[in-house]
Asks: 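A single structure is presented below for examination.
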Amino acid sequence: MTPKQSRPLWVGTSWKMNKTLAEAATFIDELVAFPIPDRIQPFLLPPHTALASVRSRLPVDSPVLLGAQNAHWAAEGAWTGEISMRMAKDAGATLIEIGHSDRREHFGETDRTVAWKVAAAIAHGLTPLICVGESAEVRNAGGAEDFVRVQLQIALSELAPAEVSRVIIAYEPIWAIGEHGTAATAAQVAGVMALINDVVATESGSARAVLYGGSVNTANATELLSDPNTSGLFVGRAAWDAAGFIALLRLAAAVAGQGVGPSTTYRRTLPWAATTALL
Ligand code: PEP
């Protein structure tokens, strides 16, 4: 894989089904006051309702990337309740989360629909953030690596080799996610992180990033980032308030060998008329 030192460390959060527009604005205002270290790549995945307003609220030259938590594979049409890749992009997304275990468990997402969505995201110039991960039962039976390998191979199956290098993969073992999850150690996840890098290397050389997610917090972030195959963290609860997110950015900066510099002054003017400031 590409040496970690030459790549940014990614730290991002999905807000899931949380935050009104006002709550999103509060988060963004706190984050904007924090100088993002150069070699850290932050990202936020607001709910669809807040995506455009968060885009408007962020300074135009902010390094923070935005994404949607899901989007449909079809370009448009009678898909009640869904949004398309094009609509997500129009609202400010450059990333599209695909295949989170919440969606696989509760909304009928399958390996096949994940593959279609990954291809649709690439076709629209978006970066798919593909979530993979096994249940406790699969892990306890010794099948974690085989399970994730198959999930990942199907997820990438609609892409040309060169396109595989544009994806981000997040390993999120189901047993480690959420309030009932058990935080993983770096040693527990190292095998799957290596496997993910190997699968992607076979297809294309390397992914844009390979992230770990599942009960990440300030107590375990540094250890999890020490894994040579981990290029960032995908965080839920611990990053839902700006102070928590910033604390994780600081830890990642320390791992990347950087301090936090002076406050950056951002331009607040937006380049496109469509981004009316909603907040
Ligand atoms: C998640 O749900 O994807 C997640 C990583 O959540 P948490 O960090 O809260 O476990």
Side-chain angles (χ1 to χ4, degrees), residues 9-19 23-24 27 31 40-48 50-51 65-71 93 95-107 109 111 114 117-118 127-136 138-139 144 147-148 151-152 155 167-186 188-190 192-193 196 207 209-225 227 229-252 255:
L9 279 180
W10 293 64
V11 180
T13 180
S14 161
W15 290 347
K16 301 199 175 208
M17 196 175 73
N18 292 295
K19 295 198 194 298
E23 289 161 353
F27 184 111
L31 181 59
I40 303 302
Q41 177 56 72
F43 65 94
L44 301 175
L45 309 183
H48 297 336
L51 190 48
L65 297 180
L66 297 182
Q69 298 172 23
N70 177 46
L95 312 174
I96 301 288
E97 182 180 8
I98 300 171
H100 188 278
S101 59
D102 289 343
R103 297 210 59 84
R104 294 178 191 259
E105 182 181 353
H106 303 297
F107 299 99
E109 192 85 89
D111 288 341
V114 166
K117 290 179 179 188
V118 169
T127 298
L129 193 173
I130 306 166
C131 298
V132 293
E134 81 288 353
S135 65
V138 169
R139 172 157 286 249
F147 185 90
V148 170
Q151 273 191 326
L152 191 52
V167 307
I168 297 173
I169 297 146
Y171 172 46
E172 297 213 309
I174 297 168
W175 50 269
I177 289 178
E179 57 183 321
H180 303 299
T182 308
T185 62
Q188 278 178 302
V189 299
V192 177
M193 298 306 291
I196 291 171
V210 179
L211 315 181
Y212 173 75
S215 294
V216 172
N217 55 44
T218 51
N220 61 17
T222 302
E223 186 210 340
L224 289 162
L225 282 173
D227 181 282
N229 291 302
T230 300
S231 43
L233 300 172
F234 189 26
V235 190
R237 294 156 296 153
W240 282 348
D241 64 84
F245 188 54
I246 289 167
L248 289 163
L249 295 176
R250 285 184 189 280
L251 287 175
V255 171

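Order of listing sets the numbers, starting from 1, for every ligand and every atom in it. These numbers come from the heavy atoms of this one structure, side chains and all, not from hydrogens, waters or symmetry mates.
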Asks: Would you please test E109 and K117 for side chain to side chain contact (heavy atoms under 4.5 Å, CB included) and show each step?
Replies: CA-CA 10 Å; E109 192 85 89; K117 290 179 179 188; 3.0 Å; yes

Asks: Would you indicate which of G236, S215, G213, S101 comes nearest to atom 10 (O) of ligand 1 when only heavy atoms are counted?
Replies: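 Selected option, by shortest heavy-atom distance: S215.
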
Asks: Determine the minimum heavy-atom distance between Y171 and G133, stating which atoms define it.
Replies: CE1-CA, 3.9 Å

Asks: Do the side chain of N220 and the main chain of N217 share a donor and acceptor less than 3.5 angstrom apart?
Replies: yes

Asks: Going by atom types alone, do T13 and R237 pair a side-chain donor with an acceptor below 3.5 Å?
Replies: no

Asks: In ligand 1, which numbered atoms sit nearer than 4.0 Å to a non-hydrogen atom of G178?
Replies: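 Reading through ligand 1 atom by atom, the close ones are 7 (P), 10 (O).
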
Asks: Give the atoms of ligand 1, by number and element, whose distance to some non-hydrogen atom of F234 is under 4.0 Å.
Replies: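 Going through ligand 1 atom by atom, the ones under 4.0 Å from F234 are 5 (C).
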
Asks: Would you check whether H100 reaches within less than 4.0 Å of ligand 1, judged by its heavy atoms?
Replies: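 True for this residue.
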
Asks: Using heavy atoms and a 4.0 Å limit, tell me yes or no: is G214 in contact with ligand 1?
Replies: yes

Asks: Going by the atom numbers of ligand 1, which of them fall below 4.0 Å from some non-hydrogen atom of K16?
Replies: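 Result: 1 (C), 2 (O).
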
Asks: N/O to N/O below 3.5 Å, does that happen between D102 and ligand 1?
Replies: no

Asks: Quick one: does E223's side chain have a donor or acceptor within less than 3.5 Å of a partner on A186's backbone?
Replies: yes

Asks: Between the side chain of T127 and the main-chain N/O of L95, is any donor-acceptor distance below 3.5 Å?
Replies: no

Asks: Number the atoms of ligand 1 from 1 as they appear, then name those within less than 4.0 Å of a heavy atom of R237, with their elements.
Replies: 7 (P), 8 (O), 9 (O), 10 (O)

Asks: With no hydrogens and no angle check, is any side-chain donor or acceptor of Q69 less than 3.5 Å from a backbone partner on L45?
Replies: yes

Asks: How far is atom 5 (C) of ligand 1 from the closest protein heavy atom, and which atom is that?
Replies: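 The protein heavy atom lying closest is E172 OE2, 3.2 Å.
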
